[in-house]
Amino acid sequence: MVKASQLFYPTLREVPSEAEIASHQLLLRAGFIRKATAGVYSYLPLAKRVLRKIENIVREEMDRAGGQEVMMPIIQPQELWEKSGRWSLYGDEMFRVYDRHERGFALGPTHEEIITTLVDADVHSYRNLPLLLYQIQNKYRDEIRPRFGLMRGREFIMKDLYSFDVDYDSLDISYKKMHAAYQAIYNRMNLKYRVVEADSGAIGGNESHEFMVLADSGECLVLYCETCEYAANVEKAQCNAVPNPSPVSVQQEIEKISTPGLRTIQDLVANLGIPEHEQVKTLLYSADGDIIAAVLRGDRDLNEIKLKNYLGAEQLFMADEDSVRERCGAGFGSLGPVGLRLKIYADLEVAQMQNFSCGANEDDYHFCNVNMGRDFTAEAIIDLRNAEAGDPCPICSSGLQTIRGIEVGHIFKLGTKYSDAMGASFINANGEEKPMIMGCYGIGVSRTMAAAVEQNNDSNGIIWPMPIAPYHVIIIPVNANKKEQMEAAADIYKQLLAEGIEVILDDRDERAGVKFKDADLIGIPIKITIGPKSLQENLVEVKKRWESETKLVPMVKVVNTVKEIIAANMKK
RNA sequence: CGGGAUGUAGCGCAGCUUGGUAGCGCGUCUGGUUCGGGACCAGAAGGCCGCAGGUUCAAAUCCUGUCAUCCCGACCA
């Protein structure tokens, strides 16, 4: 029995001031979630139903792909994390608790340590591999800045699967299965998404893909090619060397010019008319304690991940102005590669540039007509910049486009990073001991719910995709005091329930407007309205949340109409 | 953690400059009139003015500290 009068979905007329983005505002307003503390939320009945639907789709596809569901502890002993080295590496992002004996525990931010230990203890033979284990569970990460409601919580629901294989060929098969399963999952949820190449980041390993639900408010920038299949996160998107668009045959004499007070690229554009793309900027970084310089074209953004990966650095951050001044004799805004006694890493584009301008490592002076090779040399010439819209596709050279997305899934090939650290090995067919080859595969379940809202809403509220809607149908008798309306509503309600359709009967003694507004806000896909005039002709109104037209349907046909709409929208 | 802002009723806000009985709208409760896109009338309940100190005859208001929340940056499902 689901009657709106009894259902706990406290809707709000006004937007809580703490919420910034659509999904956060709407999930709060529609009575799906309430905040306990920053980045930690309670899920109310409607949200719980959506989460369960997402989980079930995920579960079915994981099982289909050969996964086996397990449940591992959230509280994990410190020793395990020390074994992998991550007790210290994970840093402040890990919630730590201590028991009465002062022994440390982590609230699991992820489960590589514990699952590798688990598998190591009981799997010893190639005959038991591959093994794919997963769980759906709360994860804990003490994010520096939780934000956007469920988008970046400190406690969140995640599906994590770990694969254990005998060799890399077998890992490829597991990885492909997961890749396909993830596509099936997002297809089944009717979400518009894109698979992109990604950096594997701190988790380790090499190959990695992210699954992005497309939404303008997404935090991730994706570059993709319409001609070929290439798509990558901006962190990963590769920039090939492009030839200088206006090459000159003569390298002019280097010239030092006085530029009092001019510090930024824009200052030089505005005051001296030097275009951004004829300037070079120099950024100083501390890489595991060593100060190094990165140089790139004035209008480009440095991709710190590319730099970090090239250097193989654990920690990379911009040098502060004091150490910059100490090394270069000048402050920010007057730096340049000429005469710089640091390792210089130049972007591919810089090698193509001629007669460019840059800081002179002396406050209030710049150089003009600088040429790399003649005036300075680089330790390495590498891809260092963020790709931008219009850049040539690294595969087919067509112009790349950009789109924003929300990262809801991420799959990694881990290799032996954790099996080596935790000692997870097996005996192969030749009797040799080998480390297991691992992969890990995550889906942010609670984030997926938020992403679905982010992608599917209008000014009236949420528009749930049918496969994950908390209920399929809401029945609204226009006037709760009219007996014939209430009886007709109850009748349809019973018929739908008998067909196994998930339906809410809005039996509240509210004005019609209130009921319509709430129905739209909570985003139920199908609305059946029972009004006085049409009822006399035994008709009711059926409206799809995502369309503006209302259809009059004979009472006797309502159940079939509803079933058809649901069936048509459960799959693309 | 650096930068910015905000904490007053369930939600949204005013009051603070210039200290003097804590207010408005929505929501909630009661009664009545209404009833197809957030009704109207009458009445009511609901506040350690984030917390702790200080100044003062007197503090929501001024001062100090502290905590929390939100936004921008680095991190990630």
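Per chain, numbering begins at 1; letters A, B, ... match sequence-line order. Since the structure is predicted, the reported quantities are computational estimates derived from the model, not experimental observations.
Within 4.0 Å (heavy atoms only), A:Thr37 reaches sugar-phosphate atoms of the nucleic acid but no base atom. Within 4.0 Å (heavy atoms only), A:Lys139 reaches no atom of the nucleic acid at all. Nucleic acid contact for A:Phe148: sugar-phosphate only, since backbone atoms but no base atoms lie under 4.0 Å from a heavy atom of the residue. Note on A:Met212: nothing from the nucleic acid sits closer than 4.0 angstrom, heavy atoms only. Within the nucleic acid shown, A:Glu93 comes within 4.0 Å of sugar-phosphate atoms alone, with no base atom in reach, counting heavy atoms only. Heavy atoms of A:Gly442 sit nowhere under 4.0 angstrom from any nucleic acid atom. Here A:Gln137 lies out of heavy-atom contact (under 4.0 Å) with every strand. Across all strands, A:Pro532 comes closer than 4.0 Å to base atoms (heavy-atom distances). Counting non-hydrogen atoms under 4.0 angstrom, A:Asn481 reaches a base of the nucleic acid. Within the nucleic acid shown, A:Asp92 has no heavy atom closer than 4.0 Å to any nucleic acid atom.
One can place CE of A:Met94 at 15 Å from P of B:A77, the figure rounded to the nearest angstrom. Rounded to whole angstrom, the span from the OH atom of A:Tyr186 across to the P atom of B:A77 amounts to 12 Å. Rounded to an integer number of Å, the gap from A:Asp506 CG to B:C35 C1' is 14 Å. Across the protein-nucleic acid pair, A:Arg154 atom CZ and B:U69 atom C1' stand 11 Å apart, rounded to whole Å. To the nearest angstrom, C1' of B:C75 lies 12 Å from CZ of A:Phe156. The interatomic distance linking A:Leu150 (CG) with B:C70 (C1') rounds to 16 Å, in whole Å. We find that CG of A:Asp142 is positioned 16 Å from P of B:A77, with the value rounded to whole Å.
Side-chain atoms of A:Asn460 and base atoms of B:G37 include no donor and acceptor less than 3.5 Å apart. Donor-acceptor pairing under 3.5 Å, judged by distance alone, is present between the side chain of A:Lys527 and the base of B:G37. One donor-acceptor pair, N or O on each side, does fall under 3.5 Å between the base of B:G38 and the side chain of A:Arg29. In terms of polar N and O atoms assigned as donor or acceptor, the side chain of A:Asp520 comes within less than 3.5 Å of the base of B:G37 in a complementary pairing.
Geometrically, A:Arg96 engages A:Trp87 in a cation-pi contact defined by less than 6.0 Å to the ring centre and at most 45° from the axis. For the pair A:Arg194 and A:Phe211, the cation-pi test (distance below 6.0 Å, angle within 45°) is failed. Note that A:Lys413 lies in the cation-pi zone of A:Tyr175, set by a 6.0 Å cut-off to the ring centre and a 45° limit from the axis. For the pair A:Arg154 and A:Tyr140, the cation-pi criterion (under 6.0 Å, within 45° of the ring axis) is not fulfilled.
For the 3.5 Å distance criterion, the side chains of A:Tyr285 and A:Glu304 qualify, holding a donor opposite an acceptor. No side-chain donor-acceptor contact under 3.5 Å links A:Asp491 and A:Tyr493.
In this pair, A:Tyr345 and A:Tyr310 present their aromatic rings perpendicular. The plane angle is above 60°, beyond the 30 to 60° band.
Along RNA chain B, the nucleotide nearest A:Val408 and the nucleotide nearest A:Thr550 are compared for position; the residue whose nucleotide lies closer to the 5' end is A:Thr550. Ranked by how close their nearest RNA chain B nucleotide is to the 5' end, A:Arg511 and A:Gln485 are led by A:Gln485.
Using a 4.5 Å heavy-atom threshold, the side chains of A:Trp546 and A:Pro525 count as touching.
Pair assignment for B:U69 gives B:A5, based on Watson-Crick or G-U wobble hydrogen-bonding distances that are each under 3.5 Å. Summarising the base pairing, B:C48 is matched to no nucleotide, lacking a Watson-Crick or G-U wobble pair whose two defining distances lie under 3.5 Å.
In A:Leu552, the CG atom is crowded: over 12 heavy atoms of neighbouring residues, nucleotides or ligands sit closer than 6.0 Å.
Within residues 62-72 of chain A, no residue approaches RNA chain B, by heavy-atom distance under 4.0 Å.
Using a 4.0 Å cut-off, some side-chain N or O of A:Arg147 falls inside it from OP1 or OP2 of B:C72.
Between the side-chain ring of A:Phe516 and the base of B:G36, no stacking contact exists by the 5.5 Å and 30° definition.
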Taking protein heavy atoms under 4.0 Å as touching, what does nucleotides 1-16 of chain B look like 5' to 3' if B marks base contact, S marks sugar-phosphate-only contact and - marks none? B---------BSS---
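Checked against a 6.0 Å centroid threshold, the rings of A:His209 and A:His179 count as neighbours.
Tested against A:Glu219 for a salt bridge (charged side-chain N to carboxylate O under 4.0 Å, His left out), the candidates A:Arg404, A:Arg145, A:Arg447, A:Arg152 yield a single pass: A:Arg152.
Closest to the A:Ala38 side chain, of the nucleotides B:G36, B:A77, B:C70, is B:C70.
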